[in-house]
Amino acid sequence: MGANTSQVSDLSDNPSLKALVGTEAISENDPFWNQLISFTFISPTSSADSKLLEEAVIPLAKILIENNPRTGNFGALVRIFLGRTKELKISTECQDQLFIWQAHNALFMIRCLLKVFIREMSEEELNLQFFYHERAPGSRGETGSEDLLEELLSNLVHLIVDVPLLDITYSILFEAVTTLLVFFSYQLFHKDILRDGIIYQHIMKGRCLSLTSRLVKTLLYNFIRQEKCPPPATHIFEPKAESGLLYGLASGVASGLWSVFTLGGAGSKAGLDQEHNPLPLSNQSLLLLLVLANLADGPDWPNPYRQAITCFRNTQDTSSLPMEQPHTFQINFNSLYTALCEQQRSDQATLLLYTLLHQNANMRTYMLSRTDMDNLVLPILEILYHVEERNSHHVYMALIILLILTEDDAFNRSIHEVILKNISWYTERSLTEISLGSLLILVVIRTIQFNMTRTRDKYLHTNCLAALANMSAQFRCLHQYAAQRIISLFALLSKKHNKVLEQATQSLRGRQADNTALPDYAQDLNVIEEVIRMMLEIINSCLCNSLHHNPNLVYALLYKRELFEQFRTHPSFQDIMQNLDTVIGFFSQRLEQAGSDLSVERVQEVIMKGAQALPKDRLKPRVAAVVPV
């Protein structure tokens with residue numbers, strides 16, 4: 001960084017950088033600036049090297065913090081960058097790569113310094129760093145009316161929305177997005193929400209406000225386009241013979257892969273390895289979009305970026321825009337849907353999907369109307385299937401997405417009509433052909449069983465069961481294995497119920513002998529009985545609403561009928577057991593009448609005929625309880 005610098009170890013001895021952070025003020029008219037931002041620097045290619053770069057910048061930034069009040073060199077660097085950006089759009093149209101490269105380098109340096117500043121000082125102190133002005137001969141002196149911080153923020157937003165995404169602009173757009181993320185990182189160092197923060201005020205109410213919809217739209221399109229970082233050759237400038245400056249740009253600087261800002265490393269446990277990430281601009285744009293969408297509302301104004309995300313519409317929607325919705329815009333829903341389907345490996349993409357399903361009614365309606373919902377649902381199921389490799393936030397988001405989808409009856413019907421073949425990631429059993437609905441049931445049940453043996457999270461149980469409950473009335477043609485797993489889960493719960501009941505009884509006897517304190521088995525028993533009741537409700541709902549469509553579930557129920565005996569007289573389950581008793585008794589009688597030593601095929605035939613013969617009024621209508629999102 002700085003003219004002629006080629007590696008991290010050179011930074012502390014680089015004369016240009018030493019001058020920048022030193023005690024002498026440098027006029028904006030000094031040729032020094034042109035030399036400073038025309039540097040050659042080979043960027044790190046691994047996370048370890050990236051950390052080395054940041055550690056090398058820290059002592060330089062701390063020296064600048066000490067000297068900047070007297071020199072104003074940081075503010076001068078910012079104004080040099082602002083001066084370059086005024087002609088950036090024209091430079092792009094003219095393919096002026098040199099101009100774009102220098103603007104990128106200036107912003108790159110600003111962002112590296114800001115990251116240290118934000119960690120070392122308050123927002124008020126940071127704001128002062130922008131107000132210190134140069135006092136060198138030929139300087140413009142004090143300009144008290146200038147708000148350089150707001151000017152920089154506004155300029156970055158303008159840069160993102162105005163400059164087209166091309167190979168030659170990729171790097172500077174990446175830097176602009178990342179610099180805004182660095183500004184928002186102040187929240188990481190505060191427990192309280194920074195509603196009164198200077199940066200928050202500028203972004204929410206300042207000059208940036210008028211660009212809200214354009215910024216959100218641009219960030220979404222950056223995510224949609226999934227543009228890979230252009231090859232290094234795109235950014236190499238041939239040295240000019242008549243120039244005394246070195247204009248070569250090494251392969252790594254423009255790509256900026258080292259500098260992906262992860263907001264405290266809250267990514268997936270499997271994680272996106274940033275050093276092998278070919279989509280830095282797409283990922284950074286998504287992170288910035290989510291940060292903007294989740295900024296807190298002000299005391300008397302709503303978050304405009306959240307408003308934009310919750311009300312944008314499809315480009316094919318020709319109806320007039322409602323006047324009461326500010327910051328609305330139109331975007332291609334098909335392209336956005338495709339990108340969402342393809343990018344669910346990262347938890348930030350899953351969070352965007354959740355946000356749109358939960359808050360944007362237009363997008364939710366569009367998604368639920370798609371005939372290829374398997375493209376969206378399968379990646380979500382794969383997240384849950386690999387639950388042990390994901391962090392809890394990613395798992396919960398995937399589960400809540402399923403919960404939202406299963407609130408729609410049309411979705412619950414349609415997923416049983418989508419037939420899948422050879423699901424490669426489902427390795428517990430070979431599934432050569434299965435409906436999407438049956439696969440969803442299998443994955444959710446597997447998640448419940450994993451939770452029972454590992455995390456024991458009551459709310460995860462509840463949400464999994466709620467998704468099954470939402471679907472239960474529309475269960476259709478359940479796969480044999482899915483039906484078996486439903487009953488197997490009930491068997492596991494029953495076994496656990498008996499074990500806790502036995503422990504409670506033994507503890508009670510032991511206490512009578514020595515008067516020691518008892519563990520709270522009553523609470524454990526209540527939780528298990530609540531889960532058992534929900535499972536019974538799910539089975540009941542299926543039998544009442546679609547028994548004739550699910551012979552495999554009836555078969556599995558009859559095969560394990562002894563499991564339900566202990567709950568027939570249990571006061572907590574008597575009401576819900578009536579329908580199950582009716583079904584078990586009816587089909588057991590039909591099987592007895594059909595003779596002994598029946599083959600599996602013959603049993604299934606008897607069940608299918610019996611399902612048609614069972615009078616509907618014999619079963620009391622029930623709907624499984626649904627837990628709201």
Side-chain angles (χ1 to χ4, degrees), residues 153 156-157 160-161 173-174 176-188 190 193-195 197 199-200 203-204 208 211-226 259-269 271-272 274 277 279-297 302-312 327 329 331 335-337 339-360 363-364 367 376 379-380 383 390-401 404 629:
L153 290 168
L156 292 173
V157 175
I160 293 168
V161 302
L173 288 171
F174 171 84
V177 171
T178 306
T179 303
L180 284 177
L181 277 170
V182 170
F183 272 118
F184 285 120
S185 67
Y186 256 121
Q187 185 64 70
L188 296 174
H190 295 83
I193 297 174
L194 300 178
R195 286 191 182 89
I199 295 166
Y200 176 92
I203 290 293
M204 298 285 273
C208 299
L211 298 172
T212 295
S213 59
R214 291 179 62 195
L215 178 58
V216 171
K217 184 175 183 178
T218 301
L219 295 174
L220 276 173
Y221 268 124
N222 286 349
F223 169 70
I224 288 170
R225 290 176 65 174
Q226 297 291 311
S259 56
V260 176
F261 188 75
T262 60
L263 294 184
S268 168
K269 188 185 295 184
L272 288 176
Q274 302 295 0
N277 172 20
L279 306 168
L281 178 60
S282 172
N283 292 333
Q284 292 298 81
S285 296
L286 177 54
L287 285 172
L288 179 57
L289 181 68
L290 293 170
V291 169
L292 290 169
N294 288 284
L295 291 175
D297 292 334
N303 178 345
Y305 304 96
R306 188 182 302 125
Q307 286 182 316
I309 286 173
T310 58
C311 68
F312 69 77
H327 311 299
F329 61 91
I331 198 167
S335 299
L336 179 55
Y337 177 82
L340 287 167
C341 292
E342 293 174 350
Q343 297 301 316
Q344 289 307 308
R345 292 180 300 278
S346 69
D347 48 1
Q348 56 262 36
T350 306
L351 178 55
L352 177 62
L353 174 58
Y354 162 74
T355 301
L356 295 178
L357 272 174
H358 183 52
Q359 299 184 16
N360 189 312
M363 193 68 197
R364 180 170 62 251
M367 289 185 190
L376 184 67
I380 299 300
I383 293 169
R390 306 287 178 174
N391 66 43
S392 59
H393 303 296
H394 203 178
V395 171
Y396 261 109
M397 284 187 293
L399 193 53
I400 297 301
I401 286 168
I404 294 172
V629 178

For the student: nearest non-hydrogen atoms of P302 and Q307, plus distance: CG-NE2, 3.3 Å
Return the CG to CG distance between L289 and L220, rounded to the nearest 0.5 Å. 5.0 Å
State the CG-CG distance between L219 and L290, to the nearest 0.5 angstrom. 10.0 Å
Answer yes or no: is there a donor N or O on one side and an acceptor on the other, between the side chain of N222 and the main chain of L281, under 3.5 Å? no
Just jot down the side chain to side chain donor-acceptor pair (under 3.5 Å) partners of S282, sequence neighbours excluded, or say none. Q226
For M397 and D347, the nearest pair of non-hydrogen atoms, with its separation, is CE-O, 3.3 Å
Enter the distance from L356:CG to L340:CG here, rounded to the nearest 0.5 Å. 6.0 Å
Contact check, side chains of Q343 and L286, non-hydrogen atoms, under 4.5 Å: no
Sequence-distant partners of R306, side chain to side chain donor-acceptor pair (under 3.5 Å), two or more places apart: D297
Taking atom OH of Y305 and atom CG of L215, what is their separation to the nearest 0.5 Å? 6.0 Å
Return the minimal non-hydrogen interatomic distance between I160 and A176, and the atom names on each side. CG1-CB, 3.8 Å
Nearest-0.5 Å distance that lies between atom CG in L295 and atom CD1 in I199: 11.0 Å
Closest contact, heavy atoms only, I380 versus A398: CG2-O, 3.4 Å
Counting only N and O atoms by type, is there a donor-acceptor contact under 3.5 Å from the side chain of Y221 to the main-chain atoms of L336? no
Could you pull out the closest heavy-atom pair between H394 and T350, with the gap in Å? NE2-OG1, 2.8 Å
Reported NE2-to-CZ distance for the pair H327 and R214, which is rounded to 0.5 angstrom: 14.0 Å
N283 vs F223 side-chain heavy atoms within contact, under 4.5 Å: no
Sub-4.5 Å side-chain heavy-atom contact between L287 and T178: no
What residues form a side-chain contact (heavy atoms from CB on, under 4.5 Å) with S335, not counting sequence neighbours? I224, N332
Heavy atoms only: give me the nearest F174-Q284 pair and the separation to one decimal. CE1-CG, 3.3 Å
With sequence neighbours left out, what residues match Q187 under side chain to side chain donor-acceptor pair (under 3.5 Å)? none
Pair M363-L357, side-chain contact (heavy atoms from CB on, under 4.5 Å): steps then yes or no: CA-CA 7 Å; M363 193 68 197; L357 272 174; over 6 Å; no
ring-ring contact (aromatic ring centres under 6.0 Å, His included) filter on F312, not counting sequence neighbours, yields F329, F333
Holding to side chain to side chain donor-acceptor pair (under 3.5 Å), I want the full list of residues that pass it with Y396, two or more places apart in sequence or in another chain. D457
